[in-house]
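Working notes, beginning with the structure itself.
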Amino acid sequence: MLFVNPDHREHGVGKQLLEHGIAHHNVSELTVNEQNPQAIEFYQHMGFVTYRRTEQDEEGGPYPLLYMRLHQ
C-alpha cells in the first residue's frame, strides 16, 4: 500500500516512492480502491492499466477494487 500524507501530496513523493518500488522491488501490479479516483488517476499517469475489477475488497467488504498492472 502506498499512502502519502495529504500535506505532502502534489510534491512528487508518491511518484518517487512508486518509481523506487518499480526499480528496486519489481512492483508491476497493484490493487486500488475504485472509490479513490485520485489514486486511480495517479497510477494511470504512472503507466498502470486496469486488468480486473471486483465488487468487494479482499475481506468481503463493499469496496470495489481495481487490479492494475504496469503497461509495458
Side-chain angles (χ1 to χ4, degrees):
M1 289 187 222
L2 175 63
F3 295 98
V4 176
N5 183 305
D7 295 338
H8 298 284
R9 290 184 185 153
E10 304 293 327
H11 298 286
V13 174
K15 180 178 179 178
Q16 289 177 2
L17 289 170
L18 186 56
E19 286 176 342
H20 178 84
I22 292 167
H24 300 286
H25 301 284
N26 298 315
V27 171
S28 63
E29 295 189 6
L30 53 86
T31 306
V32 62
N33 185 323
E34 186 180 59
Q35 298 169 334
N36 188 343
Q38 186 177 17
I40 296 167
E41 184 178 317
F42 168 73
Y43 291 123
Q44 289 173 336
H45 176 76
M46 295 297 295
F48 285 80
V49 295
T50 301
Y51 69 91
R52 180 175 162 218
R53 180 187 182 275
T54 61
E55 288 291 328
Q56 300 176 328
D57 67 14
E58 294 161 347
E59 295 163 356
Y63 307 104
L65 296 179
L66 298 179
Y67 291 77
M68 304 180 84
R69 66 173 50 120
L70 193 56
H71 181 69
Q72 297 291 337

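Since we're looking at a predicted model, the values are computed, not measured.
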Transitively linked via ILVMFWY side-chain contacts under 4.5 Å: Leu70 with Leu65? no
Counting heavy atoms not belonging to His20, are there more than 12 under 6.0 Å from its NE2? yes
How close do Val32 and Ile40 get, heavy atom to heavy atom, and via which atoms? CG1-CG1, 3.9 Å
Take Thr50 and Tyr43 through the test side-chain contact (heavy atoms from CB on, under 4.5 Å) and record every step on the way to the result. CA-CA 10 Å; Thr50 301; Tyr43 291 123; over 6 Å; no
Just by modelled atom types, is the Pro64 backbone N or O under 3.5 Å from a matching donor or acceptor in the Arg53 side chain? no
Identified side-chain contact (heavy atoms from CB on, under 4.5 Å) counterpart of Thr31 within the set Glu58, Arg52, Met68: Glu58
Side-chain heavy atoms under 4.5 angstrom apart, residues restricted to Ile, Leu, Val, Met, Phe, Trp, Tyr: same cluster for Leu30 and Leu66? yes
Does His25, at its NE2 atom, have more than 12 non-hydrogen atoms belonging to other residues, nucleotides or ligands within less than 6.0 Å? yes
Spacing of OH belonging to Tyr63 relative to CD belonging to Glu34, to within rounding of 0.5 Å: 14.0 Å
Same hydrophobic cluster for Leu2 and Val49, using side-chain heavy-atom links shorter than 4.5 Å among ILVMFWY? no
Working to the nearest 0.5 Å, report the span between CZ of Phe3 and NE2 of His8. 16.0 Å
For a side-chain contact (heavy atoms from CB on, under 4.5 Å) check, start with the C-alpha distance between Phe42 and Asn36, then their side-chain angles and the critical distance, and finish with the verdict. CA-CA 10 Å; Phe42 168 73; Asn36 188 343; over 6 Å; no
When hydrophobic residues are tied together by side-chain contacts of less than 4.5 Å, even through go-betweens, does Val4 share a cluster with Leu18? yes
Are Tyr51 and Met46 co-members of a hydrophobic cluster defined by side-chain heavy atoms under 4.5 Å apart? no
